[in-house]
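Each chain gets a letter, A, B and so on, in the order the sequences are listed, and its residues count up from 1.
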Amino acid sequence: MLDGMNPRQREAVTADFGPVLVVAGPGSGKTRVLTHRIAYLIEEQGYPSHRILAVTFTNRAAREMRERVDGLVGEMGKRVTLGTFHNVCGMILRREHEHTAFSRDFVIYDSQDQIALVKKVLIDLGLDSNKHQPWPVLNAISGAKNELIGPEQFPVPNYDAEIARRVYLEYDKRLQASDARDFDDLLTHVVRLFQQHPDVLERYQRYYSYALVDEFQDTNMAQYELIRLLAGEAANIFVVGDPDQSIYAFRGADYRNVKRFQQDFNPATIILEENYRSHQYILDAATAIIRENPEHIRRNLFSQRKTGPKLTIHEAYNERDEAQYVLNAISDLVSSREYKRSEIAVLYRLNAQSRVLEETFVRSGMPYRLVGATAFYGRKEIRDTIAFMRLVNNPLDRVSLDRVINVPPRGIGDKTVEQFYAWADTMPGGVWGALQALVHGDQTPLSGRSRNTLTQFAEMLNRLRLKLDTSNPLELLDAVLEETGYMEYLQRDRTDQGQQRLDNIAEFRRVAYENTEKSLAGFLNEVALVSDVDNLDKGNADAPTFLTLHAAKGLEFPVVFIIGLEEGILPHRRALEDEKEMAEERRLMYVGLTRAKDRVYMIYTFRRMMWGYYDMNMPSRFIGNIPPEITLGGARVPQPPAEHLFYQPKWETKWEPTNTRQTETPKAAKPVPARKVAPSRFQKGQQVVHQAFGDGVVINTDSSGDFEIVDVLFKQHGSKKLDASFLQPKGEA
DNA sequence: GTCAAACGCTTTTTT
DNA sequence: AGCGTTTGAC
């Protein structure tokens, strides 16, 4: 079993019981180590496989691990619990639903459902949704959930936070009323369950007496806590991660959890540095980029393939020219028989960048596969159909009801819906009780046409619900398409778009067909938790793949194109003034480069149409980090002026001292990086005056950067973040 | 009061 | 590509 493994990998696979941390660089065989560790536990240590829990972040990773474990130990491995965090948590919540305020068949709201709900709450609370955008509110709520902060403890430093707190409170109430949980709830509710029911926790601790975690750098607070609880006293826990590949901070992931794990568990630590994927030039380029990060811990990525094709850097005139260059290069690689189309990927920072690529490829007749936001499960027709099925499964689901109550148009307009909800909210059974009252012919405040149309809708739902116990997901799907008139509605549309929608429905029927052995609730659970990357290898067409850098993590391709390498795109413009975000952009670029086995093409444009305007961006600073000796064309690329690289002067002072290899340093000797903190001119609670905004009070000050930034709540103008030099202490003229 | 067509806007990244 | 808003027809 240990054949062909390097000494470090063997060390990891055969490590003693107790906590183990494997710091695994890209392409270093981490999946191999994880799966062999599982096989080792089962075969060499005689560990019962049903007591092993392995969690990943994507279904794709889970499936790959499952296949490889099966390949190693066959039948014996079948009973290992192997799934994503969200999957495993969902399973626990369904199994233990008696200890919770939700049913076994609760629905899962994805981010689109979440935003729809937040919008609704904002309007219903009388907070004009034009003034308070739903996105920042949802981010605040989600961020709080990830940190295990409930609406009661939600901190309120300013008015925006107060809004978020009120929405959070109501949002959670409505989730419960709908018997629905959002993605974050799946994790936090399990943590809460374990905290409130020690007996349940103990049962799971005993049941899963060995836990393995993949991509540990992507865990958030809730996930870390979950693992900590589950690991218990025995702490038989094996985690694999790479802080340099942490690219999900925006959703609460905290790569410092790796450091926290070292402090909390004092694990055996193994570092995998040999790369089996790329040749050395690619690794050198990746290293050159990542080592500029202030908190990067130095590592020596090396490959047995000492050389390979140099990395190509190309300037295109604009985004159309960029797409054309990619198309031509792919055609050349394919016609020279060097690579198959499916061995090629085009990576970009923003989903919006795929549009031009698609247009160019469609026009030339070159096939492609697109992974991303507007792909399958984001389609309107799919979401509508799922909403109907969710309603059949759980009639309390308000977000789904909202979505389809008048789709296809059945004469239930805004006014009718408003009246109906106003009445339904006074009913003990909620919307479901109200609908049944209509069917029974009870007296209601509704009358005339609204009453008729709503009653027909309710009767239709009842007809569908009758089939619930006797039908499989596919039969229910067909019944939904028929009864709701949705199929006819799509067929009436004779345009290309209408035809495409029918094709998508046909594809969705195929998905249902593959899940006929599941219950409707099980099918909906599956559908809620899959993403587009998960289905990547199902479409086995011979075509290059277009995907975002985020979606590419964990994948590898012989040939990788990275497009839009410009200041403002990669790195993203929001990162240009924020050191932490810039570090994340570097990690993204690092992840992108290390996907490639053989060939890398990096492309930037001279000018680019973005948001309707032409921008002339400088080439990305990341290109400038790559040594010209290993590139074709790199030496000629102009770079943004040094003063724009806002943190560059800090490299000398800050980067060097933190560049010790922490994992080899004993805990006590951990050096605390010296940090010059300028004395603060203002204190919390101090009264201040601003020339334009008038009187205010200081909420917070931050002098950790080059300037002192003060958070002030003004009497007239709300809260603002300002440079301290714009403020006067009150009374000092 | 309902509905369809036209227009402008957008989310950085996603389980 | 979808969504919200506006406009105009019924």
> Could you state the CD1-C1' distance from A/Ile108 to B/dT15, rounded to the nearest angstrom?
Replying inline: 10 Å
> Do we count A/Trp135 as stacking onto B/dT11 if the rule is ring centres under 5.5 Å and planes under 30°?
Replying inline: no
>> Using the side-chain heavy atoms of A/Leu350, tell me which of these nucleotides is nearest: B/dG1, B/dT13, B/dT12.
In response: B/dT12
> Think A/Lys119 has a side-chain N or O under 4.0 angstrom from the OP1 or OP2 of C/dG4?
Replying inline: yes
>> Counting the atoms with a prime plus P, OP1 and OP2 as sugar-phosphate, which does A/Asn87 contact under 4.0 Å by heavy atoms, base, sugar-phosphate, or nothing?
In response: nothing
> Among the nucleotides C/dA1, B/dT12, B/dC3, which one has an atom lying closest to any side-chain atom of A/Pro409?
Replying inline: B/dC3
> To the nearest Å, how far apart are A/Glu566 CD and B/dT12 C1'?
Replying inline: 15 Å
> Does A/His86 stack onto the base of B/dT15, taking stacking as ring centres under 5.5 Å apart and planes under 30° apart?
Replying inline: no
> What's the CD-P distance between A/Glu567 and B/dT12, to the nearest Å?
Replying inline: 18 Å
>> Please classify the nucleic acid contact of A/Arg587 as base, sugar-phosphate, or nothing, using heavy-atom distances under 4.0 Å.
In response: nothing
> Donor-acceptor pair, A/Asp578 side chain versus A/Lys580 backbone, under 3.5 Å?
Replying inline: yes
>> Parallel, tilted or perpendicular, judged at 30° and 60°: which one describes the rings of A/Phe250 and A/Tyr248?
In response: tilted
>> Rounded to whole Å, how long is the line connecting atom CD1 of A/Ile247 with atom C1' of B/dT13?
In response: 8 Å
> Under 4.0 Å between a side-chain N/O of A/Asn351 and OP1 or OP2 of B/dT10, yes or no?
Replying inline: no
> B/dT10 C1' sits how many Å from A/Arg573 CZ, rounded?
Replying inline: 13 Å
> Is the NZ or CZ atom of A/Arg410 positioned over A/Phe457's six-membered ring, under 6.0 angstrom from the centre and within 45° of the axis?
Replying inline: no
>> If you only use heavy atoms from C-beta on, which nucleotide in B/dT2, B/dG1, B/dT14 is closest to the side chain of A/Ala551?
In response: B/dT14
> How would you label the contact of A/Phe57 with the nucleic acid (heavy atoms, under 4.0 Å): base, sugar-phosphate, or nothing?
Replying inline: sugar-phosphate
> Rounded to the Å, how far apart are A/Ile405 CD1 and B/dG1 P?
Replying inline: 16 Å
> Looking at the side chain of A/Glu585, which of B/dT12, B/dG1, C/dG2 is the nearest nucleotide?
Replying inline: B/dT12
> Between A/Leu370 (CG) and C/dA1 (C1'), how many Å, whole number?
Replying inline: 12 Å
>> Testing the 3.5 Å rule here: is there a donor-acceptor pair between the side chains of A/Asn257 and A/Arg260?
In response: yes
> Say you pick atom P in B/dT11 and the same atom in C/dT5; how far apart are they, in whole Å?
Replying inline: 13 Å
>> Between A/Arg449 and A/His550, which residue's closest nucleotide on DNA chain B lies nearer the 5′ terminus?
In response: A/Arg449
>> Quick check for you: among B/dT12, B/dT15, C/dA1, whose closest atom lies nearest to any side-chain atom of A/Arg251?
In response: B/dT15
> What nucleic acid atoms does A/Ser450 come within less than 4.0 Å of, heavy atoms only: base, sugar-phosphate, or nothing?
Replying inline: nothing
> Do the side-chain N or O atoms of A/Arg501 get closer than 4.0 angstrom to the phosphate oxygens (OP1, OP2) of C/dG2?
Replying inline: yes
> If only atom types and distance count, is the side chain of A/Glu488 paired as donor or acceptor with the main-chain N or O of A/Gly485 below 3.5 Å?
Replying inline: no
>> Of the listed nucleotides (B/dT15, B/dT2, B/dC3), which one gets closest to any side-chain atom of A/Asn406?
In response: B/dC3
> A/Phe85 near the nucleic acid: base, sugar-phosphate alone, or nothing, with a heavy-atom cut-off under 4.0 Å?
Replying inline: nothing
> Is A/Arg398 positioned over the aromatic face of A/Tyr421, cation under 6.0 angstrom from the ring centre and no more than 45 degrees off axis?
Replying inline: yes
>> Just N and O in the side chain of A/Thr548: are any of them under 4.0 Å from OP1 or OP2 of B/dT14?
In response: yes
> Parallel under 30°, tilted from 30 to 60°, perpendicular over 60°: which one fits the rings of A/Phe546 and A/Tyr368?
Replying inline: parallel
> What is the distance from CG of A/Asp493 to C1' of B/dA5, rounded to the nearest Å?
Replying inline: 13 Å
>> Which nucleotide wins on minimum distance to the side chain of A/Arg355, given the candidates B/dT12, B/dT15, C/dA1?
In response: C/dA1
> Which nucleotide in the set B/dT2, C/dG2, B/dT14 lies at the smallest distance from any side-chain heavy atom of A/Arg379?
Replying inline: C/dG2
>> Considering every strand and a 4.0 Å limit on heavy-atom distances, what is the contact class for A/Asp218: base, sugar-phosphate, or nothing?
In response: nothing
